[in-house]
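Taking it in order: structure first as structure tokens, then the write-up.
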Amino acid sequence: MRFSTIAAALLPVGLALAQTTHTVKVGENGGLTYDPTSITAADGDTIEFQFLAKNHTVTQSTFAAPCSNITDGNGLVTGVDSGFQFVPANSTSFPVWSITVNNASTPLWFYCRQATHCQSGMVFAVNPTAAKTFDMFQSAAALSNAVNGSPSSNTASTSAGASAASGGIVTASSGGASTAAGAVSPTSVGASGTTPSPSVSANANNGAGMVHAGAGATFLTLAALALGALL
């Protein structure tokens, strides 16, 4: 079954339609890769991740802790996450998950939280800088001892600074039933073998726009907030 997630920027429709869609291939030819490994995106651009093999995620992290989920002071995950997207062998249709860039001046960092794929180089960056390059991020990932998104004991906590977020609102609905703003656990719907995304806090501190999950009609709205010094 095809799983599709379409992200729309929190911008007027006419402006959103004028932006660029960047395609990133995940796990192509069975490799532990995102292709390309980094992109330069503008405000309002959409990044479309196509899952082509095995069982991977696109999970937001930080430059300081490449292989760990971003969490708040209560341990709730505040970064965006595709959830695991399982692709059976010999598939002819593939899961697609998309996000929208709302603050191009702030770099965004991502990794696969499957086992130690991150340490093996499966990381991705949006708008890396001269001071924080993709190569530096990937090298730091290779040294991480975090597994499956757990906090790494040799890096600063990913929750640092998360409490500074304000105004972040998360709403989720499935089949027309709404969930009040607060901590929710949206589920990736429609792809065979997928698992739920981690909990998303109301203090969404991730820079993503509105995410629409197809098939099961799950909607997730994340307010655009920069990660600031944490990234």
Item to check | disulfide (SG to SG under 2.5 Å) partners of residues 119-149, not counting sequence neighbours, each pair once | outcome: none
Item to check | Qualifying residues under ring pair (Phe, Tyr, Trp, His ring centres under 6.0 Å), relative to Phe137, sequence neighbours excluded | outcome: Trp109
Checklist entry - Do Tyr111 and Val58 have side-chain heavy atoms sitting under 4.5 Å apart? => result no
Next on the checklist: Pair Phe110, Val80 - check side chain to side chain contact (heavy atoms under 4.5 Å, CB included), show working.
Outcome noted: CA-CA 9 Å; Phe110 298 89; Val80 294; 3.8 Å; yes
Next on the checklist: What verdict does the side chain to side chain contact (heavy atoms under 4.5 Å, CB included) test give for Asn55 and Gln114, after you've listed the backbone C-alpha separation in whole Å, the side-chain angles of each residue and the deciding distance to 0.1 Å?
Outcome noted: CA-CA 8 Å; Asn55 193 14; Gln114 176 73 270; 3.7 Å; yes
Next on the checklist: Return the CG to CD distance between Leu108 and Gln60, rounded to the nearest 0.5 Å.
Outcome noted: 5.5 Å
Checklist entry - Which value, rounded to the nearest 0.5 Å, describes the distance between His22 atom NE2 and Ser38 atom OG? => result 11.5 Å
Checklist entry - Would a distance-only check, ignoring hydrogens and angles, find a side-chain to backbone donor-acceptor pair under 3.5 Å from Thr57 to Arg113? => result yes
Checklist entry - Ignoring hydrogens and geometry, is there a side-chain-to-backbone donor-acceptor pair from Ser91 to Phe94 under 3.5 Å? => result no
Which atom pairs, one a donor and one an acceptor, fall under 3.5 Å between side chains of residues 118-128 and the rest of the protein, sequence neighbours left out?
from	atom 1	to	atom 2	distance (Å)
Gln119	NE2	Ser144	O	3.1
Gln119	NE2	Ala146	O	2.5
Ser120	OG	Thr116	O	3.2
Asn127	OD1	Ala41	N	2.7
Asn127	ND2	Ala41	O	3.1
Asn127	ND2	Ala104	O	3.1

Checklist entry - So if you build clusters from Ile, Leu, Val, Met, Phe, Trp, Tyr with side-chain heavy-atom gaps below 4.5 Å, do Val147 and Ile70 land together? => result no
Checklist entry - Just wondering, do Ile99 and Phe49 contact through their side chains at under 4.5 Å, heavy atoms? => result yes
Checklist entry - Which pairs count as salt bridge (charged side-chain N to carboxylate O under 4.0 Å, His left out) when at least one residue sits in residues 19-31, sequence neighbours excluded? => result Lys25-Glu28
Item to check | For His117, ring pair (Phe, Tyr, Trp, His ring centres under 6.0 Å) partners two or more places apart | outcome: His56
Checklist entry - Is a side-chain N or O of Asn103 found less than 3.5 angstrom from the main chain of Ser105, in a donor-acceptor match? => result yes
Next on the checklist: If we ignore hydrogens and angles and just use 3.5 Å, is the side chain of Asp81 paired with the main-chain N or O of Gly83 as donor and acceptor?
Outcome noted: yes
Checklist entry - How far does CG of Asn148 sit from CZ of Phe84, to the nearest 0.5 angstrom? => result 6.0 Å
Checklist entry - What's the verdict on side chain to side chain contact (heavy atoms under 4.5 Å, CB included) for Val26 and Gln50, showing C-alpha distance, side-chain angles and the deciding distance? => result CA-CA 6 Å; Val26 182; Gln50 299 178 352; over 6 Å; no
Item to check | Non-neighbouring partners of Ser139 that pass side chain to side chain contact (heavy atoms under 4.5 Å, CB included), sequence neighbours left out | outcome: none
Next on the checklist: Which heavy atom of Val87 sits nearest to which heavy atom of Leu52, and what is that distance?
Outcome noted: CG1-O, 3.7 Å
Item to check | Test log, rule side chain to side chain contact (heavy atoms under 4.5 Å, CB included), inputs Thr133 and Phe63 | outcome: CA-CA 9 Å; Thr133 68; Phe63 185 81; 5.9 Å; no
Checklist entry - Without hydrogens or angle criteria, can the side chains of Thr71 and Asn69 be said to hold a donor-acceptor pair below 3.5 Å? => result no
Item to check | Side-chain heavy-atom pair Thr100, Asp45 within 4.5 angstrom cut-off | outcome: no
Item to check | Point-to-point distance, once rounded to the nearest 0.5 Å, from CD1 of Ile47 to OG of Ser98 | outcome: 9.0 Å
Next on the checklist: Looking at Glu48 and Thr21, would you say the former's side chain and the latter's main chain have a donor-acceptor pair under 3.5 Å?
Outcome noted: no
